[in-house]
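Data block below; observations after.
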Amino acid sequence: QVQLVESGGGLVQTGGSLRLSCTTSGRTNSTYGMAWFRQAPGKERDFVAAISRFGYSTRYADAVKGRFTISRDNAKNTVYLQMNSLKFEDTALYYCAARATTVISNRVDDYDYWGQGTHVTVSS
């Protein structure tokens, strides 16, 4: 099994920054492709960013491109999401997800493992 634990969420003002972390444990050879998704109250879970096994490929949702950066440190089994210039509409529960392939994806159904989420609230 694989466990994913997110951290780093919190309350921040518009224009501020946060860095989310996702630490994996268990069968980490099943966490090649990693991604962040988010879900606002009453809305569907949306793709935010994804990164390939060694970080050579990344992909971002248009809404966060240029403001968010995904990265990973495989030695620490950790994936990060640096979020800058935060907007009110970035408020959501942010989930870390993993899949056992090297191909990155923006589809919820392509991911096999999920964390419990960390709340991000951006005050206007």
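- A 6.0 Å sphere centred on NZ of Lys43 holds no more than 12 heavy atoms belonging to other residues, nucleotides or ligands.
- Between the Asn74 side chain and the Phe54 main chain, no donor and acceptor come within less than 3.5 Å of each other.
- Linking Ile, Leu, Val, Met, Phe, Trp and Tyr whenever their side-chain heavy atoms come within less than 4.5 Å leaves Val108 and Met34 in two separate clusters.
- Heavy-atom minimum distance, Ser105 versus Tyr111: O-OH, 2.6 Å.
- In Gln116, the CD atom is not crowded: 12 or fewer heavy atoms of neighbouring residues, nucleotides or ligands sit closer than 6.0 Å.
- Here the closest heavy-atom approach between residue Cys96 and residue Leu4 is recorded as SG-CD2, 3.4 Å.
- In this structure, Arg59 contributes its side chain and Ser52 its backbone to no donor-acceptor pair below 3.5 Å.
- Side-chain contact between Asp90 and Phe68: present, with at least one pair of heavy atoms (C-beta onward) separated by less than 4.5 Å.
- Cluster membership check: Val122 does not share its hydrophobic cluster with Phe37, using side-chain heavy-atom separations under 4.5 Å among Ile, Leu, Val, Met, Phe, Trp and Tyr.
- Scanning all heavy atoms of the two residues, the minimum distance from Tyr60 to Ala49 falls at CD2-CB, 3.6 Å.
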N/O donor-acceptor pairs under 3.5 Å from side chains in residues 76-84, not counting sequence neighbours:
| from | atom 1 | to | atom 2 | distance (Å) |
| --- | --- | --- | --- | --- |
| Thr78 | OG1 | Thr23 | OG1 | 3.4 |
| Thr78 | OG1 | Lys76 | O | 2.8 |
| Gln82 | NE2 | Asn84 | OD1 | 2.9 |
| Asn84 | OD1 | Ser17 | OG | 2.9 |

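- A distance-only check finds a donor-acceptor pair linking the side chain of Arg72 to the backbone of Arg53 [under 3.5 Å].
- Neither Ile104 nor Phe47 shares a network with the other; the hydrophobic side chains, linked directly or stepwise wherever heavy atoms of I, L, V, M, F, W or Y lie under 4.5 Å apart, form separate groups for each.
- With sequence neighbours left out, Gln13 forms a side-chain contact (heavy atoms from CB on, under 4.5 Å) with Ser123.
- Put simply, Val48 and Tyr113 are part of the same group of oily side chains (I, L, V, M, F, W, Y) that touch within less than 4.5 Å, one to the next.
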Residues Tyr94, Arg38; criterion side chain to side chain donor-acceptor pair (under 3.5 Å); working and verdict: CA-CA 4 Å; Tyr94 282 71; Arg38 67 187 182 185; 2.9 Å; yes
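- Residue Ile51 holds its CD1 atom at 15.5 Å from OH of Tyr32, rounded to the nearest 0.5 Å.
- Judged by distance alone, with hydrogens and angles left aside, the side-chain atoms of Arg99 form no donor-acceptor pair with the main-chain N or O of Gly33 at under 3.5 Å.
- Criterion: ILVMFWY side-chain heavy atoms under 4.5 Å apart, direct or through other members. Under it, Leu93 and Val64 are not part of a common hydrophobic cluster.
- Partners of Thr58 according to the side-chain hydrogen bond (donor to acceptor under 3.5 Å, both in side chains) rule, which considers only residues two or more places apart in sequence or in another chain, do not exist here.
- Panel note: side chain Arg67, backbone Ser85; a donor-acceptor pair is recorded below 3.5 Å.
- The minimum heavy-atom distance linking Trp36 with Leu20 is given by the pair CH2-CB, 3.6 Å.
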